[in-house]
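Convention: sequence-line order gives letters A, B, ...; per-chain numbering from 1.
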Number of protein chains: 2
Amino acid sequence: MKMSGGVEWAVHCCVALTGVTEPVPAATLARLNDVSMSYLAKQMQALARAGLVRSVQGKSGGYVLTRPAAEISVLDIVLAIEGREPQFVCTEVRQRGPLAASPEDCLRACAVHRAMLAAEQAWRTSLAGVSVADLVATVDRDSGPDVLSRVRGWLVSPTS
Amino acid sequence: MKMSGGVEWAVHCCVALTGVTEPVPAATLARLNDVSMSYLAKQMQALARAGLVRSVQGKSGGYVLTRPAAEISVLDIVLAIEGREPQFVCTEVRQRGPLAASPEDCLRACAVHRAMLAAEQAWRTSLAGVSVADLVATVDRDSGPDVLSRVRGWLVSPTS
DNA sequence: CAAACTCGGATTGATGTTGTCCGAGTTCAA
DNA sequence: TTGAACTCGGACAACATCAATCCGAGTTTG
C-alpha cells in the first residue's frame with residue numbers, strides 16, 4: 001500500500017519542465033534533484049509511454065511536455081508510473097467455501113468491494129482535481145515566482 | 001500501490017463475526033472463506049494487536065469482536081492490516097541538488113506533498129465513513145437477512 | 001559521413017508481501 | 001490435580017515487486 005518513490009520524482013520533473021520549450025535530458029533532471037540518473041530515466045520513459053511527455057533523441061534531445069500544464073493532472077502522472085490497475089482486487093470470497101453464493105446472486109459487486117471502490121474513486125477524484133499548473137501556482141505563491149524561474153534557467157544551461 | 005490481499009479477508013471476517021458471541025477459531029474462518037488457515041491467522045493477529053478483536057485461547061477459544069459493529073470502520077481494519085504509515089513519503093527533493101532551497105523556506109509541506117496528503121485524506125475519510133454495521137446492512141439488503149444468519153450459524157457449529 | 005549524444009529496453013540486487021511452520025499458553029474434562 | 005487437546009503467537013522460507021544499473025539502437029549535428 002506504499003506509493004512508488006518514483007512518482008514524487010516524476011511530478012517534480014513535470015513541474016520543472018513547465019515553461020521550458022527546449023528538450024531537457026534525463027541526466028539534467030537527475031542532477032537537478034540529485035537522484036539516480038538511470039532510475040529517473042525509467043520514470044521518464046513511463047511518462048513518455050503514457051503520452052505525457054515527448055522524447056526527442058539525438059545530440060540536443062531530451063523530454064518535453066506534450067500538453068499545457070493545466071491539462072496534466074497529478075492523477076495522470078500517478079497512473080503513468082504506478083499503472084492503471086485498481087489498488088483493491090476483489091477475489092469473490094463469497095463464492096468460495098461451504099456456504100458459497102451462487103454466481104447469479106453475485107451480479108453486483110459485493111459490499112466490501114463497493115466500499116473500496118468508492119474510497120479509491122475519492123482518491124482519484126482528489127488527484128484529478130490538481131493539475132501541474134496548479135502546483136506551479138502554489139509554488140509561486142509559497143516561495144515566490146523567481147524560484148521556478150531559476151530552475152527553468154538552470155535546466156536550459158546547467159552549471160556544475 | 002496495491003492493497004494487501006489480506007485486507008479483503010479481514011473485512012469479510014469482521015462482517016461474519018457480527019452477532020456471534022462465542023469465540024470463533026481462525027481455522028473455522030479460514031474454512032468458511034476457503035483460504036489459507038495459517039495466513040488468515042496472521043491477519044487476525046494483526047486485528048488483535050490493533051484492538052479490533054479479542055483473542056481467547058484454550059480449547060474453545062478463538063476471536064471475538066471487541067466493539068459493536070457500528071463502531072468499527074473499514075478504515076480501522078485497513079490500517080490494522082496495512083499499517084499506519086502514509087502511502088506517500090516526501091523525500092524533500094526541493095532541498096537537494098544545486099538549487100536546493102534553504103531549510104527555513106521549507107517549514108510548510110511542499111505543493112506535491114500537500115496534493116498527495118489531500119488525496120490520501122479523501123481516501124481515508126471515505127473508508128472511515130463505512131462501518132462494519134453498514135456492510136452488514138448492505139449485505140442484508142442485497143441478498144436477504146438469511147444469508148448472514150446462515151453464516152453465523154455455521155460459524156458456531158461448522159459442518160464439514 | 002562520422003562522431004557524439006540521446007533515449008529505450010533487458011539485467012541484477014534489495015525490499016516487502018505471501019504463505020508456512022512449530023512452540024508457548026490456556027482451557028476443559030477426567 | 002493432572003493431563004491432554006486445542007488455541008493463539010511469533011519466528012521461518014518462497015515469491016513477487018520495487019529500486020537501481022548497464023549497454024545497445026537511433027538520431028541529430030557539425
Side-chain angles (χ1 to χ4, degrees), chain A residues 1-10 13 17 22-31 33-64 66 78 80-85 87-89 91 93 155 157-158, chain B residues 1-10 13 17 22-31 33-64 66 78 80-89 91 93 155 158:
Chain A
M1 200 45 208
K2 191 169 65 71
M3 181 175 291
S4 165
V7 173
E8 183 185 13
W9 302 357
C13 285
L17 283 176
E22 314 171 29
V24 179
T28 304
L29 291 168
R31 278 206 300 271
N33 297 348
D34 189 23
V35 297
S36 159
M37 132 82 187
S38 305
Y39 189 44
L40 189 142
K42 199 184 189 62
Q43 319 301 334
M44 297 308 293
Q45 290 169 24
L47 293 183
R49 242 171 293 166
L52 299 181
V53 300
R54 175 159 194 82
S55 66
V56 180
Q57 284 194 337
K59 194 175 176 63
S60 64
Y63 292 98
V64 195
T66 56
V78 171
I81 303 294
E82 294 278 325
R84 275 159 183 75
E85 300 83 33
Q87 58 191 212
F88 180 84
V89 285
T91 60
V93 293
L155 285 181
S157 58
Chain B
M1 197 48 205
K2 192 169 64 70
M3 181 177 290
S4 165
V7 173
E8 183 184 12
W9 302 358
C13 285
L17 283 175
E22 314 171 31
V24 178
T28 304
L29 291 168
R31 279 207 299 271
N33 297 348
D34 190 24
V35 295
S36 158
M37 133 80 187
S38 305
Y39 190 42
L40 190 141
K42 200 183 191 62
Q43 320 302 335
M44 297 307 293
Q45 289 168 25
L47 293 183
R49 242 170 294 166
L52 299 180
V53 300
R54 175 161 194 82
S55 67
V56 180
Q57 284 195 336
K59 194 175 177 63
S60 64
Y63 292 98
V64 195
T66 56
V78 171
I81 303 294
E82 295 276 326
R84 275 158 183 76
E85 301 84 32
Q87 59 191 213
F88 179 85
V89 286
T91 60
V93 293
L155 284 181

Return the value, rounded to whole Å, for the distance between atom [atom1] of [X] and atom [atom2] of [N].
{"X": "A:Gln45", "N": "D:dC22", "atom1": "CD", "atom2": "C1'", "value": "12 Å"}
{"X": "B:Met3", "N": "C:dG16", "atom1": "CE", "atom2": "P", "value": "18 Å"}
{"X": "A:Glu82", "N": "D:dT17", "atom1": "CD", "atom2": "P", "value": "13 Å"}
{"X": "B:Gln43", "N": "D:dG10", "atom1": "CD", "atom2": "P", "value": "13 Å"}
{"X": "A:Ile81", "N": "D:dA19", "atom1": "CD1", "atom2": "C1'", "value": "13 Å"}

Heavy atoms only, 4.0 Å cut-off, all strands: where does A:Ala26 land among base, sugar-phosphate and nothing?
sugar-phosphate
Sugar-phosphate, base or nothing in reach of A:Gly62, heavy atoms under 4.0 Å:
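If one applies the 4.0 Å heavy-atom cut-off, A:Gly62 turns out to touch the sugar-phosphate alone, with no base involved.
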Report yes if the side chains of B:Gln43 and B:Leu47 come closer than 4.5 Å at any heavy-atom pair, otherwise no.
no
Test item: B:Gln45 and B:Tyr63 side chains (from C-beta on) under 4.5 Å apart, heavy atoms:
yes
Quick one: what's the B/S/- string for nucleotides 19-30 of chain C, heavy-atom cutoff under 4.0 Å, read 5' to 3'?
BBB---SBSS--
Run the side-chain contact (heavy atoms from CB on, under 4.5 Å) check on A:Leu17 and A:Met44 step by step: do they pass?
CA-CA 12 Å; A:Leu17 283 176; A:Met44 297 308 293; 4.3 Å; yes
Any idea which heavy atoms bring [X] and [Y] closest together, and the distance?
{"X": "A:Ser4", "Y": "A:Ile81", "result": "OG-CG2, 4.4 Å"}
{"X": "A:Ala30", "Y": "A:Leu40", "result": "CA-CD1, 4.2 Å"}
{"X": "B:Glu85", "Y": "B:Glu82", "result": "OE1-O, 4.2 Å"}

Residue whose nearest DNA chain D nucleotide is more 5′ - B:Tyr63 or B:Met1
B:Tyr63
Considering only C:dG9, D:dA19, D:dG9, which nucleotide approaches the side chain of A:Lys2 most closely?
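Taking heavy atoms from C-beta onward, the closest nucleotide is D:dA19.
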So if I take every side-chain heavy atom of B:Pro25 and compare against C:dC7, C:dT18, D:dC8, which nucleotide ends up nearest?
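Given the options C:dC7, C:dT18, D:dC8, the side chain of B:Pro25 is closest to D:dC8.
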